[in-house]
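Comments concern the structure below.
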Amino acid sequence: MTGSATARAAEQVPLIIEPDRDDPDCAEVLVDGTIAGRPFRFMLDTGAARTQVVADEIIAELSSHAEHRSSGVFATGARPLVTVTDVTVGPLTAETLEITRIDAAQPGACSLLGMDVLGRRCCHFRFDAGLLNLERSPAHRADLDLRVVSSGHVYVDVAWPGVTARACWDSGAGITIVDQAFLLAHPGLFAEAGTSAGTDGTGAQVQTPTFWMTGARIGGAVFAPHRVACVDLSEVNSTLARPMDLILGFTTLRQADWLLDFPARRWTLTRRPASA
């Protein structure tokens with residue numbers, strides 16, 4: 001392998017795409033890493049402001065100085081904050097990091113790599129190739145404005161003729177979510193598709209109705225029709241400075257490759273979807 005090829009490989013993180021056993025259109029996007037040399041598997045979660053870790057014996061013994069409250073799609077929760085050292089996921093590193101600790105016995109417990117780590121880098125999400133590339137910021141190809149709020153969450157616009165929705169870009173969501181109020185206001189954009197079981201970041205599980213979303217244009221490209229889950233986001237939106245009409249999850253994100261330059265607050269599509 002040449003020097004330049006070695007450097008490129010060093011700036012890549014393999015993505016582990018795990019389809020949902022009950023709903024293969026949906027999937028979790030995972031990455032492997034370590035904390036102080038001990039292996040952990042994280043969900044790659046741009047919808048999480050803070051990294052979360054399922055406690056092993058060592059992390060369970062760390063003293064907590066405060067709690068972090070967060071709002072999931074279905075529920076709210078509070079978890080202890082602890083400080084860990086030497087967090088490494090490929091080229092992503094943090095010498096010390098304040099994370100939320102979750103008990104392994106909690107239903108749906110999983111470790112999350114959040115925006116406190118991802119938001120420091122220019123991230124090229126290549127879902128088709130199963131890779132996260134870390135690139136230099138500012139990325140000149142990224143020619144669209146990326147709205148970043150104080151929590152670190154990022155927003156892009158989703159458009160239809162005469163309609164524009166505010167969407168949170170969330171690699172931790174297995175399926176795209178549409179706010180119930182937005183769907184009711186624009187029923188012509190959606191067609192009934194059935195139901196799906198959903199789990200949010202607090203571990204809460206709910207059976208939700210699903211719909212086909214058609215004709216959505218993002219980043220200048222038309223996305224093929226795909227399933228979304230309809231959820232009342234009014235409670236979680238009440239805690240946000242920028243309410244969401246949509247949460248873009250795997251069913252949308254997998255159709256394209258996305259270059260998100262978080263430090264420069266710019267983005268673009270590098271692989272466009274096959275349109276409807």
Residue pair V228, I177: steps toward the side-chain contact (heavy atoms from CB on, under 4.5 Å) verdict: CA-CA 5 Å; V228 301; I177 294 170; over 6 Å; no

Locate the shortest heavy-atom distance separating F262 from G119; write the atom from each residue and the value. CB-O, 3.4 Å

Would a 4.5 Å heavy-atom cut-off, applied to side chains only, mark L246 and T252 as touching? no

So the ring pair (Phe, Tyr, Trp, His ring centres under 6.0 Å) pairs with at least one residue in residues 17-39 (sequence neighbours excluded) are none

Working to the nearest 0.5 angstrom, can you tell me the gap between S64 OG and E98 CD? 8.5 Å

Heavy atoms of A94 and R120 approach each other most closely as CB-NH1, 3.8 Å

Quick one: list whatever passes side chain to side chain contact (heavy atoms under 4.5 Å, CB included) with Q255, sequence neighbours left out. F223, A224, H226, P273

Does anything in residues 180-190 form a side-chain hydrogen bond (donor to acceptor under 3.5 Å, both in side chains)? List the pairs, not counting sequence neighbours. none

Let me have the donor-acceptor pairs involving side chains of residues 109-116, under 3.5 Å, with sequence neighbours excluded, atom names and distances please.
from, atom 1, to, atom 2, distance (Å)
S111, OG, V54, N, 2.9
D116, OD1, T51, N, 3.1
D116, OD1, T51, OG1, 2.8
D116, OD2, T51, N, 3.0

Partner residues of C26 under the side chain to side chain contact (heavy atoms under 4.5 Å, CB included) criterion, sequence neighbours left out: D20, D23, I175, R227, T251

As a quick check of understanding, evaluate side-chain contact (heavy atoms from CB on, under 4.5 Å) for W267 and L259, giving each step before the final call. CA-CA 5 Å; W267 77 282; L259 178 59; over 6 Å; no

Under a 4.0 Å threshold between the charged nitrogen and the carboxylate oxygen, would R38 count as salt-bridged to D56? yes

Any non-hydrogen side-chain atom of I35 less than 4.5 Å from a side-chain atom of V53? yes

Below 4.5 Å, heavy atoms only, C-beta onward: do R126 and Q12 meet side chain to side chain? yes

Of all heavy-atom pairs between M213 and F190, which one has the smallest distance, and what is that distance? CG-CE2, 3.6 Å

In terms of heavy-atom contacts, L269 and A256 come closest through CD2-CB, 4.0 Å

Residues forming a side chain to side chain contact (heavy atoms under 4.5 Å, CB included) with A55, sequence neighbours excluded: I59, A60, R101

Residues that R271 engages under salt bridge (charged side-chain N to carboxylate O under 4.0 Å, His left out), provided they are two or more places apart: D257

Does a side-chain heavy-atom distance below 4.5 Å link R136 with E11? no

Do I58 and V87 share a hydrophobic cluster (ILVMFWY, side-chain heavy atoms under 4.5 Å, transitive)? no

So which atom in S234 and which in D179 form the shortest heavy-atom distance, rounded to 0.1 Å? N-OD1, 4.2 Å

Which pairs with one or both residues in residues 81-93 pass side-chain hydrogen bond (donor to acceptor under 3.5 Å, both in side chains), sequence neighbours excluded? D86-T88

Result block: side-chain N/O donor-acceptor pairs under 3.5 angstrom for residues 157-166, not counting sequence neighbours:
from, atom 1, to, atom 2, distance (Å)
D157, OD1, R147, NH2, 2.4
W160, NE1, T214, O, 2.7
R166, NE, P243, O, 3.4

Which pairs, with at least one residue in residues 99-126 and sequence neighbours excluded, count as a ring pair (Phe, Tyr, Trp, His ring centres under 6.0 Å)? F125-W169

Partners of D143 by salt bridge (charged side-chain N to carboxylate O under 4.0 Å, His left out), sequence neighbours excluded? none

Can you find a heavy atom in the side chain of V29 that is under 4.5 Å from one in the side chain of I16? no

Say you draw a straight line from CG of D245 to SG of C168; how long is it, rounded to the nearest 0.5 Å? 11.5 Å

Should L92 and R121 count as side-chain neighbours, where that means a heavy-atom distance under 4.5 Å? yes

How many angstroms lie between OG1 in T268 and CZ in R141, if you round to the nearest 0.5 Å? 8.5 Å

Tell me whether D261 is salt-bridged to R266, with the criterion being a basic N under 4.0 Å from an acidic carboxylate O. no

OG1-CG distance between T46 and L253, expressed to the nearest 0.5 angstrom: 7.5 Å

From D170 atom CG to T176 atom OG1, the distance as rounded to the nearest 0.5 Å: 9.0 Å

So do V89 and D32 actually touch side chain to side chain, heavy atoms under 4.5 Å? no

To the closest 0.5 Å, what do you measure between CD (E18) and CG (L30)? 5.0 Å

Could you check if a side-chain atom of L134 sits within less than 4.5 angstrom of a side-chain atom of C123, using non-hydrogen atoms only? yes

Heavy-atom pair of closest approach, residues F211 and C230: CE1-CB, 3.6 Å

Same cluster for L131 and I17 if Ile/Leu/Val/Met/Phe/Trp/Tyr side chains link at under 4.5 Å? no

Give the intermediate values and the outcome of side-chain contact (heavy atoms from CB on, under 4.5 Å) for residues D145 and R265. CA-CA 6 Å; D145 290 331; R265 301 192 175 192; over 6 Å; no

Please, which pairs that meet ring pair (Phe, Tyr, Trp, His ring centres under 6.0 Å) have at least one residue in residues 137-157, sequence neighbours excluded? none

Any chance you could lay out the side-chain contact (heavy atoms from CB on, under 4.5 Å) test for L260 and C122, step after step, and finish with the verdict? CA-CA 6 Å; L260 303 184; C122 176; over 6 Å; no

Same hydrophobic cluster for I218 and L183, using side-chain heavy-atom links shorter than 4.5 Å among ILVMFWY? yes

Do the side chains of R41 and E28 get close enough for a salt bridge, i.e. N-O under 4.0 angstrom? no

